[in-house]
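Okay, structure first, notes after.
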Number of protein chains: 2
Amino acid sequence: MKVTISDVAKLAGVSTATVSHTINNTRYVSNETKEKVYRAIAELGYTPDASARSFRTGKKKIIGFIVPDIANKFFATMIESVEKYLSAHGYQLIIANTRENMEREETNIRLLTAGLVDGLLVASTMDDFQRFDALIPAGFPVVLVDRVFEEKKYSSICVSNFQPIYRSVCRLAGKGDRRIGITGGLPRLSSTQERISAYRQAMADCGLPEEEGLIQYGDSLENSACACLDKLLERRCDAIIVCQGMMASETIIYLHQKGIRLGKDIDLVSFVDYDSDVYTLYADQMDTIIQPVEELGEAAGEEILKRVESPEAPIFEKVLTSAYKPCSLSVGPVRGEA
Amino acid sequence: MKVTISDVAKLAGVSTATVSHTINNTRYVSNETKEKVYRAIAELGYTPDASARSFRTGKKKIIGFIVPDIANKFFATMIESVEKYLSAHGYQLIIANTRENMEREETNIRLLTAGLVDGLLVASTMDDFQRFDALIPAGFPVVLVDRVFEEKKYSSICVSNFQPIYRSVCRLAGKGDRRIGITGGLPRLSSTQERISAYRQAMADCGLPEEEGLIQYGDSLENSACACLDKLLERRCDAIIVCQGMMASETIIYLHQKGIRLGKDIDLVSFVDYDSDVYTLYADQMDTIIQPVEELGEAAGEEILKRVESPEAPIFEKVLTSAYKPCSLSVGPVRGEA
DNA sequence: CTGAAAGCGCTTACAG
DNA sequence: CTGAAAGCGCTTACAG
């Protein structure tokens, strides 16, 4: 049979209140009494029932994280880092995987907010803020991660998407590239939109012609790079910017198989999954943009716990910066000079 | 204020029992009554409190998964597949990440089994069965995944480790390799042990000399491959078997950087993370062993739900088989023949 | 310094 | 066909 707090109280010869208080250190208990309680707990092998406790206090000590694609190393690493922060603060993390599907996101938000978690981290796949907002119970602690909405109703932690892409275009233009193609993730995502608009602005600023066909979109999941690349190659690009981490390795492989040499036949800049050792191989052949995933996760954990403790805290927006790692051979001769 | 079942009952003019039964479809309710209830629910925006419900019923509809390393794509993919199965059956998944640390595993098992989840999936990093067993409350539904103990007390879903490694050695021996090195994960893990013992047996069966220095162990996390490789290369191996998925890409990169050509200077066989597109690049240069991660996850989900429903169900052991993908150029001339 | 008791929001025998 | 009420295992004012 299940051992309850009353069993302990009975055996220790005290009230359940005293047992509860000694366990939780929530009011003074004399040392003798404490000892009796602990002895009884040990003898019975008592463990407080988390589900009763959270029902009673309304606190589950669980945070939910709605993730678009758990097999994407960017998110997997972020989850790891969020989990690390939370567990250090006595919280557990529940993951829900949407695979960039809005209905799945909807279902999961409903489920998790219905008494399962104390707060929610969301890397949303939605583009409609009203629809998203309607799912969140009033006052429920929410932090948007990596992807934001224009409406600033929720706290958010994300990465500056504009700067690295703008810089990429400038660097490529500086090398003499004129036809610069770009592949992004799902067009509806704020991250994709920011990146594409940085591209557009930089192209204009550098005086390079824009062309719709030079912009291609994938689905932010695996195996969408090749179709994009085919279209870009048709357009005879000098350079390609891959602004979606999942596409990076696919791109490298695909170009390799086509016999197109990086840094020679084509210039490449790519967002890269954090910590992915594969790219060190290509450090001398391409520029890489590395997102601060771990900081992102930690900041997200910090902010959601803050909101759980004080739901009325002011909205907070944090924008982190990616590292831009120029091709290690970029000091070589500019094309056309040789 | 929170809307409760009594608010609904009051507004609908029925008892809480009736509200509960119409929500859960758990006894006959007349259509008119149902309609009154649903109208009240809609009007008040009522959502049943999951935490009260699970406290009452003792069922949380949550499964816990203790994972050694969530950033390892093998486990990330498995999580995805478990989560898919569970959510299709109305369950949520909670992840705990141990980073191959026994203390963290202990803490997490204690936490999760104390009323947080209905059942537990564990890819354990422990080698001491007694210690593990002591953490599990009597009768608590547990399924071991990927890694097992000799004691057959719990159900398990894992992959046959013996066969692919045995075959690797035979294939390499058949190519004329004699000095075959192997790198494994943590020595304490059953998966590592099975692989190494398959190697030993195959080496003996093929009449190849064994040598302690040809066996190297990593830590089953990222960045442990290079040290192993250094030691193997010192021993002047003809071939290397990488029997830990995380090490695969590190190995390829490292050999590449050293100017050692796959299939020419050295033969390589490697376990490979599921679905990892990088390896298609090397399909003509190495043998790969691909584990059935998705099936593993699905089978694990199936078994844990079975045990949650009927905890007394007989112990079940499932062993899946990996795909062995021989190097696509292996039909070429055997070394020494040319 | 500690206890008696209410109550969190549900579900579910029991009763009619 | 439906209701009154007990009770799941805790925590926490209230009281002394």
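Here is how names work: the chains are called A, B, and so on, in the same order as the sequence lines, proteins then strands, and each is numbered from 1.
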As a quick check of understanding, evaluate side-chain contact (heavy atoms from CB on, under 4.5 Å) for A/L93 and B/I94, giving each step before the final call. CA-CA 7 Å; A/L93 184 65; B/I94 252 186; over 6 Å; no
The single option from A/E103, A/R99, A/E105, A/R104 passing side-chain hydrogen bond (donor to acceptor under 3.5 Å, both in side chains) against A/N101: A/E103
Note, A/V14 side chain near A/V19 side chain (heavy atom, < 4.5 Å): yes
Nearest whole Å is fine: how far is D/dT11 C1' from A/D49 CG? 13 Å
To the nearest angstrom, how far is B/R56 atom CZ from D/dC10 atom P? 15 Å
When you measure from the centre of the six-membered ring of B/F129, is the NZ or CZ of B/K153 closer than 6.0 Å and no more than 45° off the axis? no
Can you tell me how far C1' of D/dC10 sits from NZ of A/K2, to the nearest Å? 11 Å
Establish, with yes or no, whether the OP1 or OP2 oxygen of D/dT11 is under 4.0 angstrom from a side-chain nitrogen or oxygen of A/R53. yes
Can any side-chain N or O of A/S87 pair as donor or acceptor with the backbone N or O of A/E83 at less than 3.5 Å? yes
From CZ of B/R27 over to C1' of C/dA15, roughly how many Å is that when rounded to an integer? 11 Å
With nearest nucleotide decided by heavy atoms, which residue, B/V29 or B/F55, maps closer to the 5′ end of DNA chain D? B/V29
Hey, does the side chain of B/S30 come within less than 4.0 Å of D/dT2's phosphate (OP1/OP2), counting only N and O? yes
Taking all non-hydrogen atoms of both residues into account, name the closest pair between B/P311 and B/G139 and its distance. CB-O, 4.0 Å
Length of the line joining B/Y28:OH and D/dG3:C1', which is rounded to integer Å: 17 Å
Check whether the side chains of A/D133 and A/Y154 place a donor and an acceptor atom closer than 3.5 Å, and report yes or no. yes
Separation of C/dG7 atom C1' from B/I5 atom CD1, nearest Å, is 16 Å
B/T33 side chain near D/dT2 phosphate (N/O to OP1/OP2, under 4.0 Å): yes
Note: contacts of residues 9-24 of chain A with DNA chain D (heavy atom, under 4.0 Å) are A/T16, A/A17, A/S20, A/H21, A/N24
Using both distances under 3.5 Å as the test, list the Watson-Crick or G-U wobble partner of C/dG3, or none. D/dC14
When rounded to whole Å, the NZ to C1' distance for the pair A/K59 and D/dT11 reads 14 Å
Can you measure A/D7 atom CG to D/dG9 atom C1' for me and round it to whole angstrom units? 10 Å
